[in-house]
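Data block below; observations after.
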Amino acid sequence: MPFSREKLRKRRQLRVRNRLRKYSTGRLRLSVFKSSKNIYAQIIDDNIGSTLVSVSTLEKSLGFVGKNNIDAAKVVGSEIGSRAKKAGVEEVYFDRGSFIFHGKVKALADAAREAGLKF
């Protein structure tokens with residue numbers, strides 16, 4: 001029986017996350033998720049299991065409610081970088097989940113790097 005699309009996505013996500021955990025050396029994780037309508041980013045401390053900083057296009061202050069395009073990804077990336085700086089976070093590892101590092105995910109990562117995050 002062939003795997004469903006959801007099972008394949010979950011396997012890809014776990015493969016990426018487990019490989020990152022192997023080399024993370026205790027750093028925080030910048031996790032990215034994109035749905036069909038929005039894009040989300042959060043910085044997670046896996047040691048204590050809590051989210052330190054989060055940003056999404058659902059926030060009205062960003063002006064991209066219900067948008068999931070490259071411009072929105074750039075704004076979310078720069079905002080997560082600036083909020084991380086305020087929280088004292090400088091170095092993270094980038095968890096792209098099951099998404100290819102291309103397009104919106106790459107735009108978010110580049111904007112976060114420009115805002116001062118190192119990964």
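The residues of the chain are indexed from 1 along the displayed sequence.
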Q) Going from CZ on Arg29 to CG on Asp46, what distance comes out if it is rounded to the nearest 0.5 angstrom? A) 4.0 Å

Q. Please, which pairs that meet ring pair (Phe, Tyr, Trp, His ring centres under 6.0 Å) have at least one residue in residues 72-95, sequence neighbours excluded?
A. Phe94-Phe101, Phe94-Phe119

Q | Intermediate values then yes/no, side chain to side chain contact (heavy atoms under 4.5 Å, CB included), Gln42 and Val53 | A | CA-CA 6 Å; Gln42 56 185 350; Val53 180; over 6 Å; no

Q) What pairs of residues pass the side chain to side chain donor-acceptor pair (under 3.5 Å) test when at least one of them lies in residues 7-16, not counting sequence neighbours? A) Glu6-Arg9, Arg9-Ser98

Throw together a table of side-chain donor-acceptor distances under 3.5 angstrom for residues 80-88, partners on residues two or more places apart or in other chains.
from  : atom 1 : to    : atom 2 : distance (Å)
Ser82 : OG     : Ser78 : O      : 3.4
Ser82 : OG     : Glu79 : O      : 3.0
Arg83 : NE     : Glu79 : OE2    : 2.9
Arg83 : NH1    : Ser54 : O      : 2.9
Arg83 : NH1    : Glu59 : OE2    : 3.3
Arg83 : NH2    : Glu59 : OE1    : 2.7

Q) If you measure from CG on Asp110 to CD on Glu114, what distance do you get to the nearest 0.5 Å? A) 6.5 Å

Q | Spatial distance of atom CD1 (Ile43) from atom OG1 (Thr51) [nearest 0.5 Å] | A | 10.0 Å

Q | Any residue meeting salt bridge (Lys or Arg N to Asp or Glu O under 4.0 Å) with Arg27, in chain and number order, not counting sequence neighbours | A | Glu91

(Q) Please determine whether side chain to side chain contact (heavy atoms under 4.5 Å, CB included) holds for the pair Arg96 and Val16, giving the CA-CA distance in whole Å, both sets of side-chain angles, and the decisive distance to 0.1 Å. (A) CA-CA 8 Å; Arg96 63 182 174 86; Val16 168; 3.4 Å; yes

Q.
Counting C-beta onward and ignoring hydrogens, is there a side-chain heavy-atom pair between Leu28 and Ile44 closer than 4.5 Å?
A. no

Q: Sequence neighbours left out, what passes salt bridge (Lys or Arg N to Asp or Glu O under 4.0 Å) with Arg21? Give chain and number order.
A: none

Q. Does a sphere of radius 6.0 Å around CD1 in Ile100 hold more than 12 heavy atoms from other residues, nucleotides or ligands, not counting ones at 6.0 Å or beyond?
A. no

Q) Judged by atom type as modelled, is there a donor-acceptor pair below 3.5 Å linking the side chain of Ser56 to the main-chain atoms of Leu58? A) yes

Q: State yes or no: do Leu20 and Phe33 share one hydrophobic cluster built from I, L, V, M, F, W and Y residues joined by side-chain heavy-atom distances below 4.5 Å, directly or via other members?
A: no

(Q) Taking the side chain as everything from C-beta on, heavy atoms only, tell me whether Val92 gets closer than 4.5 Å to Lys118. (A) no

**Q.** Minimum-distance pair of heavy atoms, taken over all atoms of Gly26 and Asn47
**A.** O-ND2, 4.3 Å

Q | Whether Thr57 side chain and Ile39 backbone form a donor-acceptor pair below 3.5 Å | A | yes

Side-chain polar contacts of residues 63-72 - donor-acceptor pairs under 3.5 angstrom, sequence neighbours left out - could you list them?
from  : atom 1 : to    : atom 2 : distance (Å)
Asn68 : ND2    : Ser35 : O      : 2.4
Asn69 : OD1    : Asp71 : N      : 3.4
Asn69 : OD1    : Ala72 : N      : 2.9

Q | Distance-minimising heavy-atom pair for Phe99 and Val32 | A | CE1-O, 3.9 Å

(Q) Quick check: do Arg17 and Asp95 have side-chain heavy atoms less than 4.5 Å from each other? (A) yes

